[in-house]
Amino acid sequence: MSPSNIVLRTERLHKSFENQEVLQGINLEIPQGQIVGLLGANGSGKTTLIKCLLGLLKPSAGKSELLGEPSWDLSVKAKDRLGYVPQEPALLPWMPVQSHANYVGAFYEHWSRDRVSRWLKVWDVDPKKQVGKLSVGQRQKLATILALGHDPELLILDEPVASLDPAARRQFMQSLIELAEDERHTVLFSTHIMSDVERVASHVAIMHGGEIAYYGELDQLKDRIKRVRLTRDEDFPATTECPLAIHSRVEGRHLLLSVDRDRLSYDELAERYSAKLEVIDLNLEEIFLDLCGGHEAAFAIGGESTR
Amino acid sequence: MQITPAQFDIHPSSGVPIYRQLMDQVAALVVGGQVQAGDMLPSVREMGTALGVNMMTVSKAYARLEAEGVVERIRGRGMAIATTESTGTVAERSRELRPHMEQAVVRGRQLGLTDEQIRRVLDGVLKD
């Protein structure tokens, strides 16, 4: 992958507020064409990271770059290739939808009125309605449409579906899929809804403890992280530890371990505990909970470009 | 015949990656006889949109199925179910069959059948 294909890069990025260090050395490198789901518990720093990437917050230390330029000093040209929808979009409530779209469009060199009109229609937002009279979900849709009007190469969304109903959410995710189809577009979106990520994301970045605990292909994550159930005749001591496991739990004769297949072999485990071993597939939510609730060993899981 | 996305059933929140669900389901359609060689798979775009999954995931499933010889790329038309042609030498194909035969023989011995009786069963199967 040549460096020019990297649309977003951070290096040992730190951000502190007063005496709280929210980002503790984020290393992330996202190439063009990926749809990346950014996951993390509440307060894990997803929004802070997004704001640092966009140059809306100044990092305390480290580097952050977007489209090859330093985030804190983005040129107008770079901003023209960028779309962003914040958690709570700032819109002008007194304007009718269509005028609002025209107003935003005036700031961009390549604005497509047709595209905006099409999306307004698809998403059922009335162009004549006053923005202030739209529902929360419709305002979210409008903000997204406004962020898409100039066909940005990189789209960053902070919890885009939080206020959408299931049907609108599905529709929204659908449009992300269509947007990223040509592999020229890159999308980074933060969310708590794992099933959305599982459907549309090609990659995931999981934040935990102010760092990136995993970044890589979603499929690879699911192929690698498995739960094994070890069963033997007598009880396991409650203190049984497995140093390389991401998560472990003892239940009588069963020892449940979440493991990274690349780091622990099943045969070795079965032999070490002289137990029968079964392998269970985990979905993203279970992997996420184990990764973020397990011990520090979890952090050793490197995705493809975590340095 | 054209295969449609409606013949697929994707569970995003299962522990099995979506590309593998797609691969398994194509294989199941082939094995189950619901699709024949030459039947066209939906385009990547059609699949992605209809099932609401990432197009790259669909391409990945198709590429792997192609590598495994389950489907073949037909230029300008898309992906078709491959004709199950014998590939490899007779020796290679025999080697592939051997473990299955071993299993059958072991089972036959467990049932207390003599070698001659096992052979007779096999002959019977071959005649069918």
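The model shown is predicted, which means the values in this text are computed figures rather than measured ones. The chains referred to below are lettered A, B, ... by the order of the sequence lines, with proteins before strands, and numbering in each begins at 1.
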Turns out that what part of B:Ser14 lies under 4.5 Å from chain A's heavy atoms comes down to backbone
If one checks every heavy atom of A:Leu284 against chain B at 4.5 Å, the contacting part turns out to be neither
Cut-off 4.5 Å, heavy atoms of chain B, and the answer for A:Arg227 is neither
* To do: Check the surroundings of atom CZ in A:Arg118: do more than 12 heavy atoms from other residues, nucleotides or ligands lie under 6.0 Å from it?
  => yes
Next on the checklist: Just checking A:Gln171: does its CD atom have more than 12 heavy atoms from other residues, nucleotides or ligands closer to it than 6.0 angstrom?
Outcome noted: yes
*Do A:Asn283 side-chain atoms and B:Ser13 backbone N/O form a donor-acceptor pair below 3.5 Å?*
yes
**Message:** Any heavy-atom pair between the side chains of B:Thr49 and A:Gln174 that's under 4.5 Å?
**Reply:** yes
In short, A:Asp223 meets B:Pro17 closest at the heavy-atom pair OD1-CG, 3.3 Å
Distance (rounded to the nearest 0.5 Å) between [X] [atom1] and [Y] [atom2]:
X	Y	atom1	atom2	result
A:Ser202	B:Lys60	OG	NZ	9.0 Å
A:Glu217	B:Thr57	CD	OG1	8.5 Å
B:Asn54	A:His203	CG	NE2	10.0 Å

Open item on the list: The test is side chain to side chain contact (heavy atoms under 4.5 Å, CB included); show your working for A:Leu218 and B:Tyr19 and say whether it passes.
Closed with: CA-CA 11 Å; A:Leu218 173 60; B:Tyr19 81 91; over 6 Å; no
For the pair A:Asp219 and B:Arg20, find out whether any cationic side-chain nitrogen is under 4.0 Å from an anionic carboxylate oxygen. no
